[in-house]
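So that the names make sense, note that chain A is the first sequence line, chain B the second, and so on, each numbered from 1. Worth knowing before you read on, the calculation uses all heavy atoms, side chains too, and leaves out hydrogens, waters and symmetry mates.
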2 protein chains.
Amino acid sequence: MVSNPHLTRTPPLTPTSHLVLGLVAWRGPLTPYELKGLIARTVGHFWSFPHTQLYTEPVRLAEAGLLREQREQGGRRRRRFSITERGREALGEWLRAPSTEPPELRDLALLQLFFAGLGGADAASALAAAQEQAHRERLAVYEQTEERVAADRAERGEAPGPTEGELARRCRSATLRMGFIYERASVAFWAEVGREVAELGGERDLL
Amino acid sequence: MVSNPHLTRTPPLTPTSHLVLGLVAWRGPLTPYELKGLIARTVGHFWSFPHTQLYTEPVRLAEAGLLREQREQGGRRRRRFSITERGREALGEWLRAPSTEPPELRDLALLQLFFAGLGGADAASALAAAQEQAHRERLAVYEQTEERVAADRAERGEAPGPTEGELARRCRSATLRMGFIYERASVAFWAEVGREVAELGGERDLL
DNA sequence: GGGTACATGTAATCAGTTACATGATTTA
DNA sequence: TAAATCATGTAACTGATTACATGTACCC
């Protein structure tokens, strides 16, 4: 594969790009389908998207010279992508430039809550109940995830693996911890909202 | 304004649509610029977007018959949008169908943290420090917002206003409360991550 | 009277989503 | 062997973003 002058400049990379790049750097060569599964088991709960992007994004990255595509011969002729030196560099640069993006709490339910007064007490109350329930469920999912991670680790005999340090494991598990914190806080928050609304009795809607 | 058969079916509405619809329903006729300011002072901190959408989205909604456009005569010829009966209905429907969308914590910094192990301890440490600081700052902003809201209310003599009940005010202030909860939790989280990383000493990067 | 901050838009682009479609494996 | 389910994609569409551009009012 000769270096192509058109590809020497890295095009603007999106969060999705970095996510894919990071996963391939971490786990080695992956097919789109493997990426899909990996995401579902790891970052999927705080950063997910349709699987189709996992077919298009690696291709884009390969065109930019950050991934390399190896097509399987025979069988399903899967496309398997591995990271290139330039890909590693790009990932390193991204990691060395901490995001300054304001981390918005883009939660549709919160938006509905903001306007819930216009819809009457019943709607507000239903919203709070549904959200409390939903957050409880996600909390349960996180608990399962935690157990699975622990089990996986025990199974592999606690061996850290040569290419990976304690730091990496801690960082990944921290993201899961944040999930717990957020879900617990949300359960408490929506429960409180529910109580507050109930207290006010059945105010009519204004629409 | 005759009813146009092409407009009788409501097209799929996005979160942005509902946001605009809700603001107009709440505050009465608004220009795009007023919308911009209003958003900055209210939902902007958990749901923001470029101002250009506040020029295009109301037009879309007007085409769908959910808003009505009144063009100022003379001067700046501003477009001022008010809600129609159908708009109210659409908003009501939305409020009566609590969102089931999984509220993802789409935070770029969290994504960086997930991969931070690949970038070495220094990068991870810088990330944690930057995030802790950023969240502290947002906490301060929320405190100001709270003060301003309280001041506004005191100024208007505590009068609830005829068109609005206690419920609506509580719902809006609850969204701000969630902001507080989230920011406080984030400050604690990133501080903890910082400590953890420091503890591990300077692990080298793997890229 | 010229600078600068506020105000108001248009146009092009594209990442991300939705819809569709089909091949390969497993299972009943 | 029929029917699920898993796996793998393509193509079209469009909401959201980026880049650009101009007008208005105030202030030094």
N-O pairing of A:Arg60 and A:Glu57 below 4.0 Å = yes
With sequence neighbours left out, what residues match B:Glu69 under side chain to side chain contact (heavy atoms under 4.5 Å, CB included)?
-> B:Arg71, B:Arg79, B:Phe81
Could you walk me through whether A:Val193 and B:Arg177 pass side-chain contact (heavy atoms from CB on, under 4.5 Å), step by step?
-> CA-CA 10 Å; A:Val193 169; B:Arg177 200 163 65 235; 4.0 Å; yes
In terms of ring plane angle, is the pair A:Tyr142 and A:His45 parallel, tilted or perpendicular, where the classes change at 30° and 60°?
-> perpendicular
Rounding to a whole Å, what distance do you find between A:Leu30:CG and D:dT8:C1'?
-> 16 Å
Can you check the B:Glu34 CD to C:dG9 C1' distance for me, whole Å?
-> 16 Å
Please report, rounded to the nearest Å, how far the C1' atom of D:dG9 is from the CD atom of A:Glu69.
-> 13 Å
Would you kindly give the CG-to-C1' distance between B:Leu35 and C:dC6, to the nearest whole Å?
-> 17 Å
Using a cut-off of strictly less than 4.0 Å, decide whether B:Gln53 has a side-chain nitrogen or oxygen near OP1 or OP2 of D:dG15.
-> no
In whole Å, what is the span from the CD atom of B:Glu57 to the P atom of D:dT17?
-> 12 Å
Determine: side-chain N/O of A:Thr16 to OP1/OP2 of C:dA15, distance under 4.0 Å, yes or no.
-> no
Out of C:dG16, C:dG9, D:dT8, which nucleotide sits closest to the side chain of B:Arg79?
-> C:dG9
Mapping B:Tyr55 and A:Phe49 onto DNA chain C by nearest heavy atom, which one lands closer to the 5' end?
-> B:Tyr55
Whole-Å distance between C:dG9 P and B:Arg78 CZ?
-> 9 Å
Tabulate protein N/O versus nucleotide N/O from nucleotides 18-22 of chain D, keeping only pairs under 3.5 Å, one per line.
unit_1, atom_1, unit_2, atom_2, d
D:dT18, O4, B:Thr52, OG1, 3.4

Do the side-chain N or O atoms of A:Arg71 get closer than 4.0 angstrom to the phosphate oxygens (OP1, OP2) of D:dG9?
-> yes
Here the distance between atom P of C:dG16 and atom CD1 of A:Ile39, to the nearest Å, is 12 Å
Winner on side-chain proximity to A:Lys36, out of D:dT8, C:dA15, D:dA16, is D:dT8
Considering only distance and modelled atom types, tabulate donor-acceptor pairs under 3.5 Å from the side chains of residues 184-192 of chain B, sequence neighbours left out.
unit_1, atom_1, unit_2, atom_2, d
B:Ser186, OG, B:Tyr182, O, 2.9
B:Glu192, OE1, B:Arg195, NH2, 3.1

Tell me, do B:Thr42 and B:Arg172 make a side-chain contact under 4.5 Å, heavy atoms counted?
-> no
Within this structure, what is the CG-to-P distance between B:Leu54 and C:dC6, rounded to whole angstrom?
-> 18 Å
Yes or no on side-chain contact (heavy atoms from CB on, under 4.5 Å) for B:Leu95 and A:Phe115, after CA distance, side-chain angles and deciding distance?
-> CA-CA 8 Å; B:Leu95 288 174; A:Phe115 295 113; 4.1 Å; yes
Presence of A:Arg60 side-chain N/O under 4.0 Å of C:dA15 phosphate oxygens OP1/OP2 = yes
